[in-house]
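A quick write-up on the structure given underneath.
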Amino acid sequence: QVQLVESGGGLVQAGGSLRLSCAASERAFSTYVMGWFRQAPGKEREFVAAINYSGGSTGSADSVKGRFTISRDKFKNTVYLQMNNLLPEDTAVYYCAARKSIVRTTSWPSYDYWGQGTQVTVSS
């Protein structure tokens, strides 16, 4: 069972930055696709970004392109989401997820393990 623990959320003004971290509990993490998703109150969970096992292939939602960057450190079993130029509409609970596959996907039901989520609030 892979455990994922997110950190780095908080309250920030519009235009500010935050970096989310997701630490995984086992070394098998290095073979998994990792993703970030978010869910705002009253809305469905949505894809934010994903990265393949080597870190050589990434994808992100159009709404965050150019502002958010996903990366991973295989030695620390950690994946990051650098969020710049934050907007009030980025306010949500952000979840880290792991998929036992080498194929990236934006579909949240395709991910096997989830963190508990971390709140990001962007004030205008």
Side-chain angles (χ1 to χ4, degrees):
Q1 182 77 7
V2 175
Q3 291 186 328
L4 304 173
V5 179
E6 302 104 332
S7 60
L11 173 64
V12 64
Q13 288 189 330
S17 297
L18 284 173
R19 187 176 81 155
L20 304 183
S21 299
C22 172
S25 63
E26 66 175 55
R27 298 180 70 178
F29 158 88
S30 65
T31 64
Y32 294 172
V33 165
M34 298 299 296
W36 286 98
F37 291 79
R38 66 187 181 185
Q39 189 165 18
K43 294 188 177 182
E44 293 189 354
R45 188 167 299 191
E46 66 172 356
F47 169 76
V48 176
I51 189 167
N52 75 336
Y53 69 98
S54 70
S57 175
T58 64
S60 59
D62 288 343
S63 59
V64 306
K65 273 189 171 69
R67 300 188 299 122
F68 292 11
T69 302
I70 188 171
S71 62
R72 68 192 299 165
D73 184 332
K74 63 181 181 180
F75 300 107
K76 295 183 178 179
N77 285 357
T78 301
V79 64
Y80 304 98
L81 185 68
Q82 177 66 44
M83 306 186 295
N84 298 328
N85 191 21
L86 282 158
L87 305 171
E89 49 263 45
D90 294 319
T91 295
V93 176
Y94 283 71
Y95 297 91
C96 173
R99 182 170 191 246
K100 293 186 292 184
S101 171
I102 62 172
V103 179
R104 280 192 294 112
T105 177
T106 63
S107 171
W108 70 264
S110 299
Y111 286 74
D112 301 287
Y113 304 104
W114 291 84
Q116 80 287 352
T118 185
Q119 176 70 46
V120 171
T121 303
V122 185
S123 63
S124 57

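This chain uses plain numbering: 1 for the first residue, then up along the sequence.
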[X] (side chain) donor-acceptor with [Y] (main chain) under 3.5 angstrom:
{"X": "Asn85", "Y": "Arg67", "answer": "no"}
{"X": "Tyr111", "Y": "Thr105", "answer": "yes"}
{"X": "Lys74", "Y": "Ser54", "answer": "no"}

According to the disulfide (SG to SG under 2.5 Å) rule, which pairs have a member within residues 88-124, sequence neighbours left out?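 Sorted result for residues 88-124: Cys22-Cys96.
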Taking transitive links into account, so neighbours of neighbours count too, which hydrophobic residues share a cluster with Val103 at under 4.5 Å side-chain distance?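 Cluster partners of Val103: Tyr53, Ile102.
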More than 12 heavy atoms from other groups under 6.0 Å of NZ on Lys76: no
If you count the non-hydrogen atoms of other residues, nucleotides and ligands that lie under 6.0 Å from CD in Gln3, is the total more than 12? no
Do the non-hydrogen side-chain atoms of Val2 and Tyr32 ever get within less than 4.5 Å of each other? yes
Using the rule that two of Ile, Leu, Val, Met, Phe, Trp, Tyr join whenever any of their side-chain heavy atoms come within less than 4.5 Å, decide whether Val93 and Tyr113 are in one cluster. no
Transitive ILVMFWY side-chain link Leu81 to Val64, under 4.5 Å: yes
How close do [X] and [Y] get, counting heavy atoms only, and between which atoms?
{"X": "Ser124", "Y": "Ala14", "result": "CA-CB, 4.4 Å"}
{"X": "Ala61", "Y": "Phe47", "result": "CB-O, 3.5 Å"}
{"X": "Ala92", "Y": "Arg38", "result": "CB-CB, 3.8 Å"}
{"X": "Ala40", "Y": "Thr91", "result": "CB-O, 3.7 Å"}
{"X": "Phe75", "Y": "Asp73", "result": "N-OD1, 3.0 Å"}
{"X": "Gln116", "Y": "Val5", "result": "OE1-CA, 3.8 Å"}

When rounded to the nearest 0.5 angstrom, what distance separates [atom1] in [X] from [atom2] in [Y]?
{"X": "Leu4", "Y": "Ser25", "atom1": "CG", "atom2": "OG", "result": "7.0 Å"}
{"X": "Leu86", "Y": "Ser123", "atom1": "CG", "atom2": "OG", "result": "10.0 Å"}
{"X": "Asn52", "Y": "Met34", "atom1": "CG", "atom2": "CE", "result": "12.0 Å"}
{"X": "Trp36", "Y": "Glu6", "atom1": "CH2", "atom2": "CD", "result": "5.5 Å"}
{"X": "Arg104", "Y": "Ser110", "atom1": "CZ", "atom2": "OG", "result": "13.0 Å"}
{"X": "Asp90", "Y": "Phe68", "atom1": "CG", "atom2": "CZ", "result": "4.0 Å"}

Check side-chain contact (heavy atoms from CB on, under 4.5 Å) between Val120 and all other residues, then give those that pass, not counting sequence neighbours.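 So Val120 forms a side-chain contact (heavy atoms from CB on, under 4.5 Å) with Leu18, Leu20, Met83, Tyr94, Val122.
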Residue from Trp114, Tyr95, Trp108 passing ring-ring contact (aromatic ring centres under 6.0 Å, His included) with Phe37: Trp114
